[in-house]
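Scope of the values below: all heavy atoms of this structure, side chains included, with no hydrogens, waters or symmetry mates.
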Amino acid sequence: PLAGRARNEQADACRAFLTAAHARIKDAHFAGATGDLTAQKWAEAADEVLRALFRAAAAAHPGLEVALVAVGGYGRGELCPYSDLDVWLLVPRGKSADPRAQAIAEAILYPLWDLRIEVGHAVRTVEESIELGREDLTACTALLDARFLDGDRALWDKLTREVPRLFERDVNRFVKKLAQEKAERHARFGDTVYLLEPNVK
């Protein structure tokens, strides 16, 4: 019911859906639902909205294979209230700058922005995703938490085949990078939690 509408109508439909879903989740949480279950239900509500927006956008811009993928905490299916949504659009090799891919991304993002939802996003090929994972620790960990949402299953299957190859030669190198990043973070902010001001939303 959320798909196939103009942008303003989509935003209104998404807002109504999320308001109702979040009210149910909040009531369940205060009735005793665990934090883990609450985060899972929050992610499931976001899944419904993103899938509807994606399907409408893909139908309006046909002819391009594209997959919608959740990454980060959202990729793990753990979404806290007011957390941002991290998503990637996977496209075939050489198509990351395709106007249709950009149009699909915009059609998904604009209604979410209208709802003041923060969205981390990228349009990438599988090859670009893997190359970035080799170079960037944040992207690499994001790939470990990636989750298929909708679209072209073949692109997703290709990504899942390629990700383990990031660690084939030396998995310890990845662990050492994580330890180094932690040490650098502690050097910047201090070794005690009392010196760090976390974003507690």
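Using a cut-off of 4.0 Å between Lys/Arg side-chain N and Asp/Glu carboxylate O, Asp12 and Arg15 are scored as salt-bridged. Comment: Lys158 engages Glu127 in a salt bridge, judged by a side-chain N to carboxylate O separation of less than 4.0 angstrom.
Note that OG1 of Thr34 and CD of Gln40 are 8.5 Å apart. Values are rounded to the nearest 0.5 Å. With rounding to the nearest 0.5 angstrom, the CH2 atom of Trp156 is 12.0 Å from the CZ atom of Arg161. To the nearest 0.5 Å, atom CG of residue Leu132 and atom CZ of residue Arg134 are 11.0 Å apart. Of the inter-residue distances, the one linking Lys41 atom NZ with His29 atom NE2 reads 14.5 Å to the nearest 0.5 angstrom. Summarising the geometry, atom CG belonging to Leu159 is positioned 11.5 Å from atom CZ belonging to Phe148; distances are rounded to the nearest 0.5 Å. Between the CD1 atom in Ile117 and the CG atom in Leu112 there is a gap of 5.0 Å [rounded to 0.5 Å].
What you find for Cys14 and Val49 is that their closest heavy atoms are SG-CG1, 3.6 Å. Closest approach of Leu89 and Ala101 over heavy atoms only: CD1-O, 4.1 Å. Nearest heavy-atom pair across Glu65 and Pro92 is O-CD, 3.0 Å. When all heavy atoms of Leu149 and Tyr74 are compared, the pair lying nearest together is CD1-OH, 3.9 Å. Scanning all heavy atoms of the two residues, the minimum distance from Ala57 to Ile108 falls at CB-CG1, 4.3 Å. Heavy atoms only, all atoms of each residue included: Pro111 and Ala107 are closest at CD-O, 3.1 Å.
Glu106 and Gln102 share no side-chain donor-acceptor pair at under 3.5 Å.
For the side-chain contact (heavy atoms from CB on, under 4.5 Å) with Thr125, the lone residue among Leu155, Ile130, Leu90, Val91 that qualifies is Val91. Test Leu79, Leu18, Leu37, Asp47 against Trp42 for side-chain contact (heavy atoms from CB on, under 4.5 Å) and you get one pass: Leu79.
Judged by distance alone, with hydrogens and angles left aside, the side-chain atoms of Thr160 form a donor-acceptor pair with the main-chain N or O of Asp157 at under 3.5 Å.
Counting heavy atoms from C-beta on, the side chains of Val123 and Ile104 never come closer than 4.5 Å.
In Glu118, the CD atom is not crowded: 12 or fewer heavy atoms of neighbouring residues, nucleotides or ligands sit closer than 6.0 Å.
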